[in-house]
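Sharing a structure here in C-alpha cells format.
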Amino acid sequence: MSLHIYNVLHREKMPFEPLYEGKVHMYVCGPTVYDHAHVGHAKTYISFDVVVRYLRSRGYDVLYVQNLTDVGHLLDSGEDRILKKASQSQALPMQIVETYARSYFEDMDALGVLRPDISPRASGHIPEQIAMIETLIAHSYAYVTERGNVYFDVHRWPEYGKLSNRRLEEQEAGARVDLRDDKRHVEDFALWKAAEPEHILRWDSPWGVGYPGWHIECSAMAKKYLGVTFDIHGGGVDNIFPHNECEIAQSEAANDAPFARFWMLVGSLTVPDEFGIPIKMSKSLGNFYTIKDALKLHRAEVLRTFILTSHYRNPVVFSEEALDGARRGWERLYSAVRLTREKLRTAAPGNAGAAFLDVLAGTRQKFIDALDDDFNAPGGIAALHDLTREVNTLLNSGQPVGQAVLEAIDATYRELGGDVLGIIPDEAAAGSAASAERETGLIRLLVDMRAEARAARDFATADRIRDQLAALGVALEDRADGTVWRAN
RNA sequence: GGCGACGUCGCCAAGUGGUAAGGCAAGGGUCUGCAAAACCCUCACCGUGGGUUCGAGUCCCACCGUCGCCUCCA
C-alpha cells in the first residue's frame with residue numbers, strides 16, 4: 001500500500017504521486033493575524049505539521065508555504081479586521097500584524113509545529129496580486145466598476161463551485177445582498193477594493209488607491225512560490241466556501257492551468273455550549289481558548305496527542321474529560337520511553353533480547369500502513385500503544401536486554417512518536433542544558449540516598465524523600481531493579 | 001431551504017463487504033515495606049427501520065439526532 005490521500009476535490013481517497021518526483025509542493029491557508037491563536041488553529045496546523053513531517057520521513061523533499069493574512073480580510077460590516085483591532089488598541093495596523101504574527105509563531109513553536117519553509121504576508125505581495133488581477137481583467141474574467149472596485153465574474157467561470165459542490169443557481173436565494181455593492185451579480189467576489197479615505201491600509205493600483213480582496217493573496221503567493229500547479233492545498237474546512245472556491249476559480253482562470261492537485265481540509269474544533277451542544281470554536285463567537293491558556297494547563301505533547309487521536313478530517317469536541325484521557329494515554333507512552341532510556345544508562349553492550357527487533361519492525365509497518373492511509377494518526381498512535389505493552393513486558397521480565405536493543409526501541413519511539421507525530425520529547429529536561437543536567441544529577445542523588453534508606457528499612461526517611469519530591473512535581477516509581485523518576 | 005459530513009463499549013476513537021484497533025474509566029488478579037507504575041483476565045451484536053449480498057458499522061433507501069458551510073472565521 002502506498003500513500004493515499006482523501007482528495008476533497010474528488011471526494012475520494014486517491015493514490016498520491018507528486019507532480020515532480022521526490023518533491024512535494026504544499027500550501028496551507030494561514031491565520032489572519034489580528035488576535036492570539038486559539039486551539040482550533042492548533043488543530044489545523046498540528047494536523048498539517050504531521051502531514052509535512054510524515055512526507056519528509058518518507059523521503060519527500062517538501063516545500064511548505066503557509067501565508068499570514070495581514071490585509072484585506074473584511075468583517076460583515078465592511079471593516080478590515082486588522083484596522084478594527086488597530087483603532088481599538090490605538091496602534092498602527094502593522095504593529096498589530098507584527099504583534100500577532102510573533103504570537104502565532106511563539107504558539108506554534110511551543111506546540112512543536114515546525115515552521116513553514118516560507119511564511120509570505122499578503123501585504124508584501126501586492127504587486128503579484130495586482131498582476132494576477134490584471135490578467136483576469138484582460139481575459140474578461142474580472143471587471144472594473146466606476147468606483148474602482150474589481151470583481152471576479154463567477155458566471156464567466158462555469159467550474160465555480162466544484163470544490164464545495166455549490167451551484168450558482170442554488171446560491172441565489174440564500175445569498176446576502178449588500179446594497180452598497182456595485183457587483184454585477186451578488187455571487188461575484190472582490191479582487192480589489194477602492195479604499196475609503198479612512199482606510200489606511202492602501203496601495204496604488206491601475207484602478208486607483210485601494211487594497212486587495214481576501215482571496216487573491218493565496219492565489220498570488222501560491223503561484224509565486226509553488227508554481228501554477230502544485231501538489232497539496234490545505235486548510236480548515238470552514239474555508240471551503242467561499243475562500244478556497246474563489247482561490248481555485250481565480251487561479252485557474254488567470255493561469256490557464258490546474259491549481260492544487262490534492263485538497264486536504266481539516267475538520268473544525270468544537271466546544272460545548274451551555275447546553276452541551278458542540279459549537280465551532282471561533283474568534284467571532286468568543287467561545288475560544290487561546291493556545292497560550294491551553295499550554296498553561298497541558299504540555300504541548302498532550303495537546304498534540306489529544307488532537308492526533310482523531311483523524312484530521314473529523315470534527316473534535318474540546319473537553320477537559322477528553323483532554324484528560326489524552327494526557328493519561330500519553331503518559332503511558334512516555335513512561336515506557338523513560339524506562340527505556342533509564343535502562344540504557346546502565347545497559348550492558350550487546351544485542352541480548354534481539355528477538356524484540358521483530359516487534360519493532362512490526363510496529364514500524366503498522367505505523368506506516370496507518371499513516372499511508374490518509375495520514376491516519378490515530379492508527380499510528382495505536383501502533384505505539386501496542387508497542388508500549390510489549391516494551392513494558394520485556395523491560396519488566398527480568399531478562400537481559402542489551403544496549404543495541406534498547407537503542408533500537410528508543411529509536412523507534414524517537415522516529416515514529418518524535419519525528420513524525422511530535423509527541424515523544426527527546427529529553428525530559430526543561431530549561432538550559434546545564435541546569436537540566438544539574439537538576440537531573442540532584443534528583444539522582446536523592447533517589448540514591450532514598451535507596452540506601454530503604455535498604456536500611458528506614459521507611460520514614462524514604463517516604464519523606466518521595467513525598468517531598470512529589471510536592472516538587474517529581475514522581476518516583478520503585479522497581480525491582482531500581483527507581484525510575486519523572487518530572488511533571 | 002441548499003451543500004457537505006457525522007451518529008461505533010460509561011468517555012475519547014480507528015475501522016468503505018468477510019464474524020469490531022487503540023486509549024481513558026471500571027471490576028478481578030500478579031508484583032510492592034507502603035505507594036506508584038507495569039503485566040494478565042473481564043468489558044460492544046456498531047442511531048432506528050427496510051433493502052442489496054453467500055456475507056454489511058462498512059453499499060442503497062427512509063426516518064430520527066448532531067455538527068460544519070451558504071461570502072467574518074483554521
Side-chain angles (χ1 to χ4, degrees), chain A residues 8 11-13 28-32 37-45 47-48 73-77 79 81 161 164-167 169-171 173-176 178 186-190 214-215 234-243 245-246 265-270 277-285 288 305-306 309-311 313-317 319 321-333 335-336 339 366 370 373 376-386 388-389 391-393 395-397 454 457 459 462-463 466-467 470 475-480 484 486:
Chain A
V8 180
R11 307 269 166 191
E12 63 176 345
K13 247 179 232 176
V28 171
C29 287
T32 301
H38 56 65
V39 186
H41 297 106
K43 173 164 158 46
T44 297
Y45 300 119
S47 298
F48 285 112
H73 201 160
L74 305 186
L75 292 159
D76 256 358
S77 57
E79 289 174 282
R81 289 174 176 283
S164 58
N165 263 324
R166 264 163 241 263
R167 300 264 66 98
E169 53 275 24
E170 288 163 351
Q171 294 306 308
R176 292 187 215 179
D178 188 336
V186 288
E187 308 87 354
D188 293 347
F189 59 89
W214 173 38
H215 315 301
V237 298
D238 50 343
N239 274 335
I240 188 171
F241 189 89
H243 182 63
E245 199 68 71
C246 296
L265 301 178
V266 175
S268 297
L269 189 78
T270 62
I277 308 293
I279 305 293
K280 194 182 77 167
M281 183 180 289
S282 76
K283 289 178 186 172
S284 49
L285 292 175
F288 62 90
T305 302
F306 166 69
T309 41
S310 286
H311 187 87
R313 276 191 280 125
N314 291 345
V316 169
V317 181
S319 71
E321 197 183 5
L323 223 33
D324 196 53
R327 196 198 83 235
R328 289 164 187 267
W330 173 80
E331 277 172 356
R332 175 180 154 75
L333 292 178
S335 325
L339 179 57
K366 266 192 286 187
D373 183 13
N376 188 337
I381 291 176
L384 291 180
H385 275 292
D386 288 340
T388 296
R389 172 168 296 108
V391 167
N392 282 325
T393 299
L395 299 186
N396 290 320
S397 67
R454 290 179 70 214
R457 305 195 67 77
F459 296 121
D463 288 349
R466 184 172 61 192
D467 291 346
L476 303 187
E477 292 168 14
D478 294 331
R479 301 167 41 80
V484 175
R486 67 163 191 271

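A note on names: the letters A, B, ... follow the listed sequences, proteins ahead of strands, and every chain is numbered from 1. Quick caveat: nothing in here was measured; it's all calculated off a predicted structure.
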Query raised in the report: Just to confirm, is there a sub-4.0 Å distance from OP1 or OP2 of B:rC39 to any side-chain nitrogen or oxygen of A:N396?
Result: no
**Report entry** Residue list, ring-ring contact (aromatic ring centres under 6.0 Å, His included) with A:H41, at least two apart or on another chain
**Finding:**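 For A:H41, the residues satisfying ring-ring contact (aromatic ring centres under 6.0 Å, His included) (neighbours in sequence not counted) are A:H38.
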Requested in this report: Please list, chain by chain and in numerical order, all residues satisfying side-chain hydrogen bond (donor to acceptor under 3.5 Å, both in side chains) with A:T388, sequence neighbours excluded.
Outcome: A:Y413
Kindly give the atom pairs (protein nitrogen or oxygen, nucleotide nitrogen or oxygen) under 3.5 Å for nucleotides 32-36 of chain B.
from   : atom 1 : to     : atom 2 : distance (Å)
B:rG33 : O6     : A:R454 : NE     : 3.3
B:rG33 : N1     : A:D463 : OD1    : 3.1
B:rG33 : N2     : A:D463 : OD2    : 2.9
B:rC34 : O2     : A:R466 : NH2    : 2.7
B:rC34 : N3     : A:R466 : NH1    : 3.1
B:rC34 : N3     : A:R466 : NH2    : 3.2
B:rC34 : N4     : A:D478 : OD2    : 3.1
B:rA35 : N6     : A:D478 : O      : 3.1
B:rA35 : N1     : A:D478 : N      : 3.0
B:rA35 : N3     : A:R466 : NH1    : 2.9
B:rA36 : N1     : A:D478 : O      : 3.1

Query raised in the report: Does B:rC45 pair with anything, Watson-Crick or G-U wobble, both distances under 3.5 Å, and if so, with which nucleotide?
Result: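 Across any shown strand, B:rC45 pairs with none.
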Requested in this report: May I ask you to decide if A:P378's main-chain N or O and A:T309's side chain share a donor-acceptor pair within less than 3.5 Å?
Outcome: no
Requested in this report: Check every strand shown and say whether A:R11 touches a base, only sugar-phosphate, or nothing at a heavy-atom separation below 4.0 Å.
Outcome: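 Touches sugar-phosphate only.
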Query raised in the report: When you check the phosphate oxygens OP1 and OP2 of B:rC12, does a side-chain N or O of A:S319 lie under 4.0 Å from one of them?
Result: no
Query raised in the report: Between A:N314 and B:rC12, does any side-chain N or O lie under 4.0 Å from OP1 or OP2?
Result: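 Result: no.
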Report task. For B:rA37, take OP1 and OP2 only and decide whether either is under 4.0 Å from a side-chain N or O of A:N392. Result ->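 No, outside the criterion.
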Requested in this report: Name the nucleic acid region contacted by A:G30, choosing base, sugar-phosphate or nothing; use a 4.0 angstrom heavy-atom cut-off, strictly under.
Outcome: sugar-phosphate
Query - Which residues share a side-chain hydrogen bond (donor to acceptor under 3.5 Å, both in side chains) with A:K283, sequence neighbours left out - result: none
Query raised in the report: Taking only side-chain nitrogens and oxygens of A:T393, does any of them come within less than 4.0 Å of OP1 or OP2 of B:rC39?
Result: no
Query raised in the report: Reckon A:H215 touches a base, only the sugar-phosphate, or nothing at all at heavy-atom distances under 4.0 Å?
Result: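 It contacts nothing in the nucleic acid.
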Requested in this report: Please work out if A:Y45 contacts a base, only the sugar-phosphate, or nothing of the nucleic acid, heavy-atom cut-off 4.0 Å.
Outcome: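 Result for A:Y45 = sugar-phosphate.
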Query raised in the report: Heavy atoms under 4.0 Å, any strand shown: does A:G235 hit a base, just sugar-phosphate, or nothing?
Result: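 Sugar-phosphate contact only - A:G235 comes under 4.0 Å of backbone atoms but never of a base.
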Query raised in the report: What string of B, S and - do you get for nucleotides 21-26 of chain B, 5' to 3', when a contact is any protein heavy atom under 4.0 Å?
Result: BSSSS-
For nucleotides 64-68 of chain B, which of its nitrogen or oxygen atoms have a protein nitrogen or oxygen under 3.5 Å away, and what is each distance?
from   : atom 1 : to     : atom 2 : distance (Å)
B:rC67 : O3'    : A:P278 : O      : 3.4
B:rG68 : OP1    : A:K280 : N      : 3.0

Report task. Determine the contact category for A:S335: base if any of its heavy atoms lies under 4.0 Å from a base atom, sugar-phosphate if only primed atoms, P, OP1 or OP2 are that close, otherwise nothing. Result ->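 Counting heavy atoms under 4.0 Å across all strands, no contact is made by A:S335.
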Query - Complementary nucleotide for B:rG10 - Watson-Crick or wobble, under 3.5 Å - result: B:rC24
Requested in this report: Would you tell me if any nitrogen or oxygen in the side chain of A:N165 comes within less than 4.0 Å of OP1 or OP2 on B:rG4?
Outcome: yes
